[in-house]
Amino acid sequence: MTLNRALFVALLLICTLWLALPFGMAILWSLVDASTPWTPDHILPPAISLDRWRNMLGNPVLQMALLNSYLLAPTAALMTLTLTLPTAYALGRIPFRGREIARMLTLLPLVVPGFVTAIFLTALLHRIGFTGSRFWAVAFSHALLFLPYAIRILSVSFEQVRQDHIDAARDLGASPLARFRVAWLPALKPGLLAAFLIVFIQSIEEFAIAFILGSPDFTTIPTLLYARLGQDFVRPDAAVLSLILVLPNVILMLILEQLLRSANPSLSSGKG
C-alpha cells in the first residue's frame, strides 16, 4: 500500500509538472491585461482581462488561419487513409518474406527531423510543379508525412480481422459488401477512427511544411504562433494561440477515447 501510494504521488507530481503547470501558465498569460504588464515581482498577473482573447479572435489573420487549419486537417487525414489502406492490408493480411523488416522501414521517416523532411519534400513538389495550390500541396505533404502512423495502426487492425468470420459470411452467401460490413468493418473501425484523428491532430500541429511550403500566402495556427512567439515575441498573444491550438486537440483525444470504446467493447469490458 505504501509503495502504491508513493507511485501515485509521483505520478500526480509528474502530471502536475508536465501538464497542469504549463496549461496554468498559458491560461494566466492569456489573461494578462495589456495596460498592466505581468512583471517578475508579481506571482500572479496584477490585472485580469479578456481583451487578448477578444483581439485575437477578432483578428482576420487568425480567422483565416483557423479556417485553413481545420480544412487542411480532415483533408490530409482522408488522403492519408486512402494512401494507407493498400499498404496496411498487405502488411496485415499477406504473409511474405521480410514483412517485419518492411514494417520497420515504414516507420523510418519518423526518425528524420521535420524540417529536413519539409525542405526536401518542398523541393520535390516544386520540381514536379505541384505547388500551384498551396492548400493541396500542404495537404498532400501532410498525407505523406503522417503515413507511418496510419500504416502502423491499420496494419494491426487488418491483423485483427478474423478469417473464420470472413469464411462464415461467405458460406452464408453474403455479398462482398455485406462481408465487409459484418466481418471487416468491426475490426477495422477502431483503427480507422484512431488513424484519422491522430493524423488530424498531427496536421493541425505541424509547422515545418506549413511554414516552408505555405509561406507567405497560406497561414495556419502553428505558423501564426511562430510569428507571435518567435518574430514579434508577444507572449500573451502566443498564450492565446497556444490554447486555441491545444484545447480542441484535447477534446478530440477525449472523443477518440469514447469512439474507440464504443467501437470495441472489449476495451472497456476487458473481454476479448
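This one's a predicted model, so the numbers in the text were calculated from it and none came from an experiment. Counting from 1, the numbers follow the sequence of the chain as shown.
- Only one option out of Ile94, Leu91, Leu85 pairs with Phe158 in a side-chain contact (heavy atoms from CB on, under 4.5 Å); it is Leu85.
- For the atom pair Gln160 CD and Leu188 CG, the distance stands at 10.0 Å (nearest 0.5 Å).
- The backbone N or O of Phe207 sits nowhere less than 3.5 Å from a side-chain atom of Glu205 that would complete a donor-acceptor pair.
- Two residues are said to be in side-chain contact when any heavy atoms from C-beta on lie closer than 4.5 Å; Pro74 and Phe196 meet this criterion.
- Atom CG of Leu13 is surrounded by more than 12 heavy atoms from other residues, nucleotides or ligands within 6.0 Å.
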- Task: Decide yes or no on side chain to side chain contact (heavy atoms under 4.5 Å, CB included) for Leu243 and Ile27, but give the supporting numbers first.
- Result: CA-CA 8 Å; Leu243 293 172; Ile27 292 172; 4.0 Å; yes
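- Between Phe218 and Phe135, the two ring planes are perpendicular [angle over 60°; tilted spans 30° to 60°].
- When side chains are defined from C-beta on, Ile221 counts as touching Tyr70, because their heavy atoms get closer than 4.5 Å.
- One distance of note links CG of Leu192 with CG of Leu197; it measures 11.0 Å at 0.5 Å rounding.
- Atom OG1 of Thr80 sits about 10.5 Å away from atom CD of Gln202, to the nearest 0.5 Å.
- Contact record, Arg54 with Asp51: NH2-OD1, 2.6 Å, taken as the closest heavy-atom pair.
- When all heavy atoms are compared, the tightest approach of Trp53 to Ser30 is NE1-OG, 3.2 Å.
- Considering only heavy atoms from C-beta on, Ser141 comes within 4.5 Å of Leu125 through its side chain.
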- Could you give me the CA-CA distance, side-chain angles and deciding distance for Leu62 and Leu241, then say whether side chain to side chain contact (heavy atoms under 4.5 Å, CB included) is met? CA-CA 9 Å; Leu62 174 59; Leu241 288 173; 3.5 Å; yes
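- Considering only heavy atoms from C-beta on, Trp29 stays 4.5 Å or farther from Val240 through its side chain.
- Leu145 and Val111 end up in different hydrophobic clusters when Ile, Leu, Val, Met, Phe, Trp and Tyr side chains are linked at under 4.5 Å.
- For Pro190 against Ala187, the heavy-atom pair with the smallest separation is CD-O, 3.6 Å.
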- Message: Evaluate Leu110 against Tyr149 for side chain to side chain contact (heavy atoms under 4.5 Å, CB included), listing each step before the verdict.
- Response: CA-CA 9 Å; Leu110 299 178; Tyr149 296 103; 3.6 Å; yes
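- Side-chain atoms of Ile166 and Gln163, non-hydrogen and from C-beta on, do get closer than 4.5 Å to each other.
- Proximity of Tyr89 to Leu154: side-chain heavy atoms (C-beta onward) are nowhere separated by under 4.5 Å.
- Here CE of Met79 is found 9.5 Å from CG of Leu147. Values are rounded to the nearest 0.5 Å.
- When the side chains of ILVMFWY residues are joined at heavy-atom separations under 4.5 Å, either directly or via intervening members, Leu67 and Val138 end up in a single hydrophobic cluster.
- Atom CD1 of Ile212 sits about 4.5 Å away from atom CD1 of Ile119, to the nearest 0.5 Å.
- Between Asp33 and Ile48, every side-chain heavy-atom pair lies at or beyond the 4.5 Å cut-off.
- The shortest non-hydrogen separation linking Ser69 to Ile204 is O-CG1, 4.1 Å.
- Ring geometry for His142 versus Phe146: interplanar angle of 30 to 60°, hence tilted.
- Taking every heavy atom of both residues into account, Glu159 and Gly92 meet most closely at CG-O, 3.4 Å.
- Between Gly191 and Ser157, the closest heavy-atom pair is CA-OG, 3.2 Å.
- For the residue pair Asn59/Gln63, the side-chain donor-acceptor check at 3.5 Å is not satisfied.
- Rounded to the nearest 0.5 Å, atoms CG (Leu66) and CG (Leu245) are 9.5 Å apart.
- A donor-acceptor contact shorter than 3.5 Å links the side chain of Arg93 to the backbone of Val161.
- For Arg134 (side chain) and Leu213 (main-chain N/O), a donor-acceptor pair under 3.5 Å exists by modelled atom type.
- Between the Ser203 side chain and the Phe200 main chain, no donor and acceptor come within less than 3.5 Å of each other.
- Residues Leu177 and Trp184 are members of separate hydrophobic clusters, defined by side-chain heavy-atom contacts under 4.5 angstrom among Ile, Leu, Val, Met, Phe, Trp and Tyr.
- Note: the hydrophobic cluster containing Leu144 does not contain Leu105 (ILVMFWY, side chain heavy atoms under 4.5 Å, direct or indirect links).
- Other members of the cluster containing Val112 are Val116, Phe120, with ILVMFWY side chains joined at under 4.5 Å, either directly or via other members.
- Although no hydrogens or angles enter the test, the distance criterion places no donor-acceptor pair under 3.5 Å between the side chain of Glu100 and the main chain of Arg103.
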- Step by step, work out the side chain to side chain contact (heavy atoms under 4.5 Å, CB included) result for Thr220 and Phe211. CA-CA 8 Å; Thr220 62; Phe211 179 73; over 6 Å; no
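- Side chains of Thr219 and Met64 form no contact here, defined as non-hydrogen atoms less than 4.5 Å apart.
- Under a hydrophobic clustering in which Ile, Leu, Val, Met, Phe, Trp and Tyr are joined whenever their side-chain heavy atoms come within less than 4.5 Å, directly or via other members, Val182 and Leu172 fall into different clusters.
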